Enquirer: 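Mind having a look at this structure? Questions to follow.
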2 protein chains.
Amino acid sequence: MPVTNQLVIEVQERVRSEAKRRGVRWTNQRQVIVEQFLLSGEHLTADALLARAREVDSAIGAATVYRTLNLLVEIGVASRVRLGGDSASFEPILGRTHHDHLICISCGRVVEFEDEAIEKRQAAIVKKHGFQIRHHRLEIFGVCPVCAGG
Amino acid sequence: MPVTNQLVIEVQERVRSEAKRRGVRWTNQRQVIVEQFLLSGEHLTADALLARAREVDSAIGAATVYRTLNLLVEIGVASRVRLGGDSASFEPILGRTHHDHLICISCGRVVEFEDEAIEKRQAAIVKKHGFQIRHHRLEIFGVCPVCAGG
DNA sequence: TTGGCTGCAAATCTTTTGCAGTTCG
DNA sequence: CGAACTGCAAAAGATTTGCAGCCAA
């Protein structure tokens, strides 16, 4: 699922204007971090993002990455997901539709999938309980064909 | 959803025999922790379980609770769930059918639900990708009627 | 007896925060 | 200029681990 430059630029723009609207400053570090985050196009941990960002600007600190990620989540451009391990992963919400995760408990490989039927059932359940849905997280754990295959 | 003593005893027995099979010792601390865990019948954090266990035996240490919970998860009698915050929650898998969670992001209330249709779709998706499913976790976040209601 | 447990405290690990200096607007 | 940001290091919080003594089998 390659991310086009066009899309990245678009989202960058959106983040930037939203930041301005909130009186949040646009620093060079944030530029680098957001850019690397969007370009990755995949779910990645704060630590992995820090590594990527440091390839561009080696002085960037971990705290700044965390602060920026939290900002992105708040703005609604990133989402935090739990993919098993101890640390959270983040992923860009570009123009992509919502998707869930299928995780191999042996090798850690993550397959993304979408399912309209599940989304619909969820909506129905939430309605039944009178909730207003915000977001959800579906993670299926199992063994992938490679790890299982004899 | 009250938990009957009968059920607790049954599960205790199962845990105990499984422990024996694995050459795992059955100590008094484990007895207390497992008992309190099963009696709670609800999802609770390691910390909450520690508190409960200490009401029975005030000398029990946090590490023992963690070690026991991990053991229970391994044996397949408990499952670890993420209900938002920083810490994991655990819940007993008794004779109960699998269920998922609907979580209020305002007050933290957790509603459990089951949905046959979702389970079926999941099975289909997993099969399509050639995975062998082990378990899954579906958490829906939203605002409950009480918090939303004017 | 003896290897697996236990509690404690120290160690890890991820994420947040305080602070003094820096920089965007 | 001044408030918001940054990196660093320390703090915080959850969970794990090392160790010396303890105890179930």
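Sequence lines set the chain letters: A, B, ... in the order given, protein chains first and strands last, and positions in each chain run from 1. Please read all numbers here as calculations on a predicted model, not as lab measurements.
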Enquirer: Separation of A:W26 atom CH2 from C:dT22 atom C1', in whole Å?
Expert: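 These atoms are roughly 19 Å apart.
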Enquirer: For B:N28, report the nucleic acid contact type (base, sugar-phosphate, nothing); a contact means any heavy atom under 4.0 Å.
Expert: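 Since no nucleic acid heavy atom lies under 4.0 Å of B:N28, the category is nothing.
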Enquirer: Assess whether a salt bridge exists between B:R21 and B:E18, defined as any Lys/Arg side-chain N lying under 4.0 Å from an Asp/Glu carboxylate O.
Expert: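 Looking at B:E18 together with B:R21, the answer is yes, because their closest N to O distance falls below 4.0 Å.
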Enquirer: Rounded to whole Å, how long is the line connecting atom CD1 of B:I60 with atom C1' of D:dC23?
Expert: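 Between C1' of D:dC23 and CD1 of B:I60: 15 Å.
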Enquirer: When you match A:A63 and B:V65 each to their closest nucleotide on DNA chain C, which lands nearer the 5' end?
Expert: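 This one resolves to B:V65.
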Enquirer: Using a strict 4.0 Å threshold on nitrogen-to-oxygen distance, state whether A:E91 and A:R80 make a salt bridge.
Expert: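 A salt bridge is absent here (no side-chain N lies under 4.0 Å from a carboxylate O).
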Enquirer: Using 30° and 60° as the class boundaries, would you call the ring planes of A:F113 and B:H129 parallel, tilted or perpendicular?
Expert: tilted
Enquirer: If I take atom CG in residue A:L49 and atom C1' in nucleotide C:dT15, what distance separates them, rounded to the nearest angstrom?
Expert: 14 Å
Enquirer: OP1, OP2 of C:dT6 versus side-chain N and O of B:T27: anything below 4.0 Å?
Expert: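 Affirmative; the distance criterion is met.
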Enquirer: Measuring from the side chain of A:R30 (C-beta onward, heavy atoms only), which nucleotide among D:dT6, C:dT14, C:dC8 has the closest atom?
Expert: D:dT6
Enquirer: Starting at atom CZ of B:R22, determine the distance to atom C1' of C:dC5, rounded to an integer number of angstrom.
Expert: 17 Å
Enquirer: Have a look at A:A62 and say if it touches a base, only the backbone sugar-phosphate, or nothing, with a 4.0 Å heavy-atom cut-off.
Expert: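 If one applies the 4.0 Å heavy-atom cut-off, A:A62 turns out to touch nothing in the nucleic acid.
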Enquirer: Does A:N70 reach a base, just sugar-phosphate, or nothing at all? Heavy atoms under 4.0 Å.
Expert: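 Counting heavy atoms under 4.0 Å across all strands, the contact made by A:N70 is with sugar-phosphate only.
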Enquirer: Calculate the interatomic distance between A:E74 atom CD and C:dT15 atom P; express it in whole Å.
Expert: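 Atom-to-atom, A:E74 to C:dT15, this comes out as 17 Å.
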Enquirer: Would you say B:Y66 places a side-chain N or O within less than 4.0 Å of OP1 or OP2 belonging to D:dT15?
Expert: yes
Enquirer: Go through D:dA4, D:dC8, D:dT17 for me and flag the one nearest to the A:R25 side chain.
Expert: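 The nucleotide sitting nearest to the side chain is D:dA4.
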Enquirer: Students often get this wrong, so: under 4.0 angstrom with heavy atoms, is B:R67 touching a base, only sugar-phosphate, or nothing?
Expert: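 Base contact.
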Enquirer: Looking only at side-chain atoms of A:A46, point me to the closest of C:dT15, C:dG4, D:dT15.
Expert: C:dT15
Enquirer: Between C:dC5, C:dG25, D:dC8, which nucleotide gets closest to the side-chain atoms of B:V24?
Expert: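 Taking heavy atoms from C-beta onward, the closest nucleotide is C:dC5.
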Enquirer: Does A:K20 offer a backbone N or O that forms a donor-acceptor pair with the side chain of A:R25 under 3.5 Å?
Expert: no
Enquirer: When rounded to the nearest 0.5 angstrom, what is the spacing between CD1 in B:I60 and CZ in B:R52?
Expert: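 If we round to the nearest 0.5 Å, B:I60:CD1 and B:R52:CZ are 12.5 Å apart.
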Enquirer: For the pair made of CG in B:D47 and P in D:dG13, what is the distance, rounded to whole Å?
Expert: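 Value for this atom pair: 12 Å.
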Enquirer: Whole angstroms only, please: what is the CD-P distance between B:Q29 and C:dT6?
Expert: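 After rounding, the reported distance stands at 5 Å.
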Enquirer: Rounded to whole angstrom units, what separation is found between the NZ atom of A:K20 and the P atom of D:dA4?
Expert: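 Distance check: A:K20 NZ to D:dA4 P gives 16 Å.
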